[in-house]
2 protein chains.
Amino acid sequence: MYQTEQEYLDNYRIQNYDIPLLSIDVAIFTLIAGRLHILLVERGSFPFKGAWALPGGFINKQLDENLHACALRKLEEKTGVAISTALPHLEQVETVGNAERDPRGWSVTTLYMALIPYAQVKGFTDTVTDARWWPFDEAKALSLAFDHETLLDKARTRLKNKTAYTVLPIHAVSAPFTLTQLQQAFEELLEKPIEKKSFRRRILSAELLEEAGQGLPEGGLGRIATLYRPAPGCGEHTFVWSLG
Amino acid sequence: MYQTEQEYLDNYRIQNYDIPLLSIDVAIFTLIAGRLHILLVERGSFPFKGAWALPGGFINKQLDENLHACALRKLEEKTGVAISTALPHLEQVETVGNAERDPRGWSVTTLYMALIPYAQVKGFTDTVTDARWWPFDEAKALSLAFDHETLLDKARTRLKNKTAYTVLPIHAVSAPFTLTQLQQAFEELLEKPIEKKSFRRRILSAELLEEAGQGLPEGGLGRIATLYRPAPGCGEHTFVWSLG
DNA sequence: ATAATAGTGTCTCTCAGACATTATATA
DNA sequence: TATATAATGTCTGAGAGACACTATTAT
């Protein structure tokens, strides 16, 4: 039909094709008072107007350099977290597509999962009126928009699995923190207790933390604890063991 | 604007939105004479006409029930493998999207990875003229269409990682097989030798194999080996250890 | 002192790696 | 017999779980 690639491209119109709708959804987790919470937004427009949903939306070809940047933009819009600040963990979980999940027809969404320390976003999310943090179990009991209950489960499963073999929960606590605080974060995400000595042995021998002074434990009672912060460059090469 | 969800849906036209192109690509791996190969197709149309690429294409809203089914359809079209037959492993790897990967503009592709025994597809792929099996290293040296060199790496990495903690390579050998054959498959996918006794201990204690008679080793020389086939329901709950 | 929390010592059990040894087939 | 491959025996060291014990703080 066309003789050259340039000629083909000049005549290409995406509107001529019957393509599915594509969106991005982000399951944003944090720990509030030690318990797992997730950020949900109340939908202000159709479809599912008024229902709670994961933050998400469409790719903006002008604003978003790539898929990850698009997810990061959603994360920032809802949490006010500045990219440069600290350690907002953001990773792609799975892409789901079928004819049933959206009443507008065959649609595809790429699910991301984020984990951030509450201290870093509390000020902002408190001021946002259409979004709020839900304890995870309560969120699961809501009737969410689209197939977001399924997406919630997928994100939660990823969170749990990675906690068993990486130091992912480090992204849920603000530095500096005690090893006990970090262990409690691990236990909440893993949904089971961890033996203290084993935890300390592994987390310290991994050399992913550096000391950051000393401080009293939460509650102000007990022996002074050593404080830690993530070591520089502890980014993602954090896979070594198998917990639980 | 609209008062009810139904009214909104009645007036919804996807063509009114500026959405990116969405495709599916499948990295299909097999072992030929013990070496890792990947199936590539020579593109017959623009863009990248004449270049080698991963099998893939667009979702067909009528034919495809969901994303996985779409990937399965691509797999079947190129390999002739019947879904019902045996164990074609197919899993989603990652979704990539940006403005550069496709000259037609901002585009998104969901990458799948498949692993099948060569014996199951040899007859069919031999007859297909626009597709051929490439040794993995040679494929990497080709100049592939789009960002398929990157995709190839992502799929290869997933293959390698999962080999370390699942029995994924079981999908690369035809039953019945000897433990030595299975070990060689593991070693090729893992790119390093495995200690024989350790391998046998773990693979047998996982109880994912059942005995399937006895046979001479390849080459016809040596002690009679026990043959095995995957145990029914060894599907995917195959994660237990950490090899290497 | 007492309660509370931080941090350590150390035993045991499991299991991977290493490697020697035995068993059984063909030529 | 020699050669090749299958399959097992067993020692060692690393590390996780268990749990008792010591150390240090506030009240």
Return the value, rounded to whole Å, for the distance between atom [atom1] of [X] and atom [atom2] of [N].
X        : N      : atom1 : atom2 : value
A:Glu218 : D:dA26 : CD    : C1'   : 16 Å
A:Lys192 : D:dA16 : NZ    : P     : 14 Å
B:Gln181 : D:dA7  : CD    : P     : 11 Å
B:Leu190 : C:dG17 : CG    : P     : 10 Å
B:Ile194 : D:dA7  : CD1   : C1'   : 17 Å
B:Ile203 : D:dA7  : CD1   : P     : 14 Å
B:Glu187 : C:dG17 : CD    : C1'   : 14 Å
A:Phe199 : C:dT5  : CZ    : P     : 17 Å

Under 4.0 Å between a side-chain N or O of A:Thr178 and OP1 or OP2 of C:dT5? no
Hey, is the side chain of A:Ser198 poking within less than 4.0 Å of OP1 or OP2 on D:dG17, counting only N and O atoms? yes
Return the 5'-most residue of the pair A:Glu195, B:Leu204 with respect to DNA chain D, ranking by each residue's nearest nucleotide. B:Leu204
Between B:Tyr228 and B:Gly222, whichever has its closest DNA chain D nucleotide further toward 5' is B:Gly222
Kindly indicate whether the side chain of B:Lys197 and the base of D:dG9 share any N or O donor-acceptor pair separated by less than 3.5 Å? yes
What about A:Arg201: does its side chain form a donor-acceptor pair under 3.5 Å with the base of D:dG17? yes
Kindly check if the number of other-residue, nucleotide or ligand heavy atoms within 6.0 Å of CD (A:Glu65) is above 12? no
With a cut-off of 6.0 Å (strictly less than), are more than 12 heavy atoms of other residues, nucleotides or ligands near CD of B:Glu218? no
Please evaluate residues A:Glu138 and A:Arg35 with respect to the criterion salt bridge (charged side-chain N to carboxylate O under 4.0 Å, His left out), reporting the C-alpha separation (whole Å), side-chain torsions for both, the decisive distance (0.1 Å), and the verdict. CA-CA 12 Å; A:Glu138 291 182 32; A:Arg35 288 184 58 208; 5.1 Å; no
Carboxylate-amine/guanidinium proximity below 4.0 Å for A:Glu195 and A:Arg201: no
Below 4.0 angstrom, N of the basic side chain to O of the carboxylate: do A:Lys140 and A:Asp153 qualify? yes
The answer to which of A:Lys196 and B:Gln214 contacts DNA chain C further toward the 5' end, by nearest nucleotide, is A:Lys196
When the nearest nucleotide of DNA chain C is assigned to B:Leu216 and to A:Ala225 on a heavy-atom basis, which residue is associated with the more 5' position? A:Ala225
Students often get this wrong, so: under 4.0 angstrom with heavy atoms, is A:Ile224 touching a base, only sugar-phosphate, or nothing? sugar-phosphate
Measure from the side-chain heavy atoms of A:Arg200 and tell me the nearest of D:dA4, D:dA26, C:dG7. C:dG7
Among D:dA26, C:dT24, C:dG7, find the nucleotide with the atom closest to the side chain of B:Arg223. C:dT24
